[in-house]
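Every number for a ligand or one of its atoms is a count from 1 in the order of the listing.
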Amino acid sequence: MLEQIKSIKQAPVEEYYVPGHRTCAGCGPALQYRLVAKAAGKNTIFIGPTGCMYVANTSYGCGPWAVPWVHAQITGGGGVASGIAAAYKAMIRKHKTDAEYPNIIVMAGDGGTADIGIQSLSAAFYRGHNIVFICYDNESYANTGIQASPTTPYGAWTTFTPAGPVVPEGKKLMPKDITKIMAHGHPELKYLATASLGYPVDLMNKVRKACNAEGPAFLYIHAPCPKGWSFPAEKTVKVAKLAVETGMVQLYELVDGEYKLTIKPAKYKPVSEYIKYQGRFSHLQPEHIQKLQQFANQRLKEVGVENTISQTIE
Ligand SMILES: Cc1ncc(C[n+]2csc(CCOP(=O)(O)OP(=O)(O)O)c2C)c(N)n1
Ligand code: SF4
């Protein structure tokens, strides 16, 4: 059992994601990885489907994990984790190992979770393996040079959704809500939550609850990417907090079938406060920003926050 962490001061000092990796300065996914590894501790195996948190961390021929780690194809994080889980279960049952059952954690990007990896994830959860699947969401296929994924927000510029005269807003589609997809249709699901690196104690405690769960646990972690979203490297935590403060990201746990907010700003800020720091939204016109505001309001409504902001932008 991993215990609750009451404050930053009480957080473990041990690091299991150590200095030395080729991630960008201010990389949100790297910071959340450090927090996840810290919370999960020593008895952990990481599975890394292809993406920045595989490539940037292991370039070249090395890696920052002080615990076991294995690469998986971007399509197969859930499958590889299932195999490791089944192997441990069988070896323990047949007394072929003295090892304690480990935290088996998939660290997948949004592409490796919500898009190209979704069938493997869903199948693993349906089978009920005792694993933790984390989606670190940097809202694009980042490692290949920032292409749109299903979690890329409406209106974001990517190399697949450049803003131009024909499509002035860049990305036209609203994003896929992968957390709510995972909350449904998976009867063996034992824990589900969303977190953000802007709230590290909340994040670490959700990691611990996910690890403690006796069955599949899904954790979505919002992780701003300074390169892909075009903001200065030192603004990562600020951007992460603004995502929550404007309602673009909602932090909650699934408790008895209901979404319970764990971090709730007293008053929500307009989404324009969030997007103003990010070059990927700099082409947006007032009507596009309005649509983003409606999107944030709708997502908040889905988790029980009524009447937030109706923003009118001149
Ligand atoms: C089957 C397959 N298709 C495409 C690729 C190319 N590829 C390598 S990294 C990557 C981006 C992964 O995006 P995401 O999962 O969101 O992680 P991120 O890079 O954003 O951290 C892609 C598409 C691949 N490695 N394997
Ligand atoms: S592109 Fe984004 S996710 Fe990838 S290493 Fe750089 S900051 Fe991190």
Side-chain angles (χ1 to χ4, degrees), residues 17 19-37 46-60 62-65 69-81 105-122 124 133-153 156-161 171 173 175-179 181-182 196-198 218-240 243 249 277-281:
Y17 176 88
H21 37 81
R22 289 178 189 248
T23 65
C24 301
C27 172
L31 178 53
Q32 68 78 36
Y33 218 141
R34 182 178 170 195
L35 293 166
V36 169
F46 281 114
I47 293 114
T50 309
C52 273
M53 287 304 101
Y54 157 48
V55 180
N57 279 321
T58 61
S59 299
Y60 293 96
C62 54
W65 303 281
W69 171 93
V70 64
H71 173 233
Q73 283 205 13
I74 188 174
T75 49
V80 173
I105 304 180
V106 183
M107 184 62 83
D110 41 284
T113 305
D115 202 15
I116 195 166
I118 194 170
Q119 54 84 8
S120 175
L121 158 62
S122 177
F133 196 108
I134 295 179
C135 172
Y136 66 91
D137 190 11
N138 56 14
E139 299 181 344
S140 83
Y141 280 97
N143 195 249
T144 32
I146 321 298
Q147 288 83 35
S149 87
T151 65
T152 303
W157 181 97
T158 70
T159 60
F160 277 2
T161 57
K171 193 184 183 219
L173 289 175
K176 185 193 277 188
D177 193 339
I178 184 61
T179 315
I181 290 172
M182 292 313 297
S196 160
L197 60 80
F218 183 79
L219 190 55
Y220 165 98
I221 301 182
H222 192 238
C225 165
K227 180 182 167 191
W229 306 6
S230 306
F231 64 78
E234 70 279 6
K235 289 258 185 301
T236 305
V237 173
K238 184 173 181 67
V239 168
V249 167
Y277 290 99
Q278 304 174 50
R280 64 175 173 160
F281 293 119

For this session: In sequence, state the C-alpha distance, the side-chain angles, and the governing distance for I74 and Y141, and then conclude on side chain to side chain contact (heavy atoms under 4.5 Å, CB included).
Result: CA-CA 11 Å; I74 188 174; Y141 280 97; 4.0 Å; yes
Seminar exercise, completed: Within the 4.0 Å heavy-atom cut-off around ligand 1, the contacting residues, ordered by chain and number, are T50, G51, C52, I74, G109, D110, G111, G112, I116, Y136, N138, S140, Y141, A142, N143, T144
For this session: Determine, step by step, whether T151 and T113 satisfy the side chain to side chain contact (heavy atoms under 4.5 Å, CB included) criterion, reporting the C-alpha distance in whole Å, the side-chain angles of both residues, the deciding distance to 0.1 Å, and the verdict.
Result: CA-CA 10 Å; T151 65; T113 305; over 6 Å; no
Exercise. Has K176 got more than 12 heavy atoms of other residues, nucleotides or ligands less than 6.0 Å from its NZ?
Worked result: yes
Exercise. Which ligand 2 atoms does P226 reach within 4.0 Å, using its non-hydrogen atoms?
Worked result: 7 (S)
Problem set entry | Modelled atom types, side-chain donor and acceptor of T158 and Q147, under 3.5 Å | no
Problem set entry | side chain to side chain donor-acceptor pair (under 3.5 Å) contacts in which one or both residues fall within residues 23-34, not counting sequence neighbours | E15-R34, H21-T23, Y33-W65
Problem set entry | Matching residue for I221 among L35, L31, I134 - test: side-chain contact (heavy atoms from CB on, under 4.5 Å) | I134
Exercise. Picking from Y54, Y17, F46, what satisfies ring pair (Phe, Tyr, Trp, His ring centres under 6.0 Å) with W69?
Worked result: Y54
Exercise. Name the one of D110, N138, D137 that satisfies side chain to side chain donor-acceptor pair (under 3.5 Å) with S149?
Worked result: D110
For this session: Just say parallel, tilted or perpendicular for the rings of W229 and H222, cut-offs at 30° and 60°.
Result: tilted
For this session: Sort by chain and number the protein N/O/S atoms found under 2.8 Å from atom 4 (Fe) of ligand 2.
Result: C52 SG
Problem set entry | Pairs involving residues 138-147, ordered by first then second residue, that meet salt bridge (charged side-chain N to carboxylate O under 4.0 Å, His left out) (sequence neighbours left out) | E139-R280
